[in-house]
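Below is one structure, written out as structure tokens, with a few remarks after it.
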Amino acid sequence: MTPARRRYRVVDDRTKADAVATAIKCIEAGDSFTASCAAVAAQLDVSETAVRSWVNASGRRPQPSWTVVSRLRADLAAATELNRRLVNRYAPADCGMGAAQ
């Protein structure tokens, strides 16, 4: 059985602009880019890829500041180091994840 073929909707420019504005508002409220575009796409019954491309093409996609990026990188480095230490301490020697790595 073949999957149902997706039918593409034609979306006018005004609706695209509203979709972009809504996605941007969701991003600024704290949702991820992907989640924001998925929510908008579901409401319009269009693909998430379409909404992502509209937002990117608008040039208005919010980007995190370098301060936020630096903090997230530091958080990731700390979590990675903690995970490494815990694996070395608690992983059974025969699982291949212990202190030898």
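Ser70 and Arg73 are not linked by any side-chain donor-acceptor pair at a separation below 3.5 angstrom, with hydrogens and angles left out of the test. When only modelled atom types and interatomic distance are considered, Thr80 and Asn83 share no side-chain donor-acceptor pair under 3.5 Å.
The OG1 atom of Thr34 sits 6.0 Å away from atom CZ of Arg52, with the distance rounded to the nearest 0.5 Å. One finds the CZ atom of Arg85 at 8.5 Å from the CG atom of Leu82 (value rounded to the nearest 0.5 Å).
Pairing each heavy atom of Ile27 with each of Ser32, the nearest pair is CG1-O, 4.2 Å. Here the shortest heavy-atom pairing between Val11 and Lys16 reads O-CE, 3.3 Å. Of all heavy-atom pairs between Ser36 and Ala23, the closest is CB-O, 3.7 Å.
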Derivation of the side-chain hydrogen bond (donor to acceptor under 3.5 Å, both in side chains) call for Asp18 and Thr15: CA-CA 5 Å; Asp18 289 340; Thr15 303; 5.5 Å; no
CA sep, side-chain torsions, deciding dist, call: Leu76, Leu72, side chain to side chain contact (heavy atoms under 4.5 Å, CB included): CA-CA 6 Å; Leu76 179 59; Leu72 291 172; over 6 Å; no
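Remark: of the listed residues Val55, Asn56, Val20, Asp31, Val55 is the sole one forming a side chain to side chain contact (heavy atoms under 4.5 Å, CB included) with Cys37.
Stacking of Arg61 on the aromatic ring of Phe33 is recorded, both the 6.0 Å distance cut-off and the 45° axial limit being met.
Using a 4.0 Å cut-off between charged nitrogen and carboxylate oxygen, Lys25 and Glu28 do not count as a salt-bridge pair.
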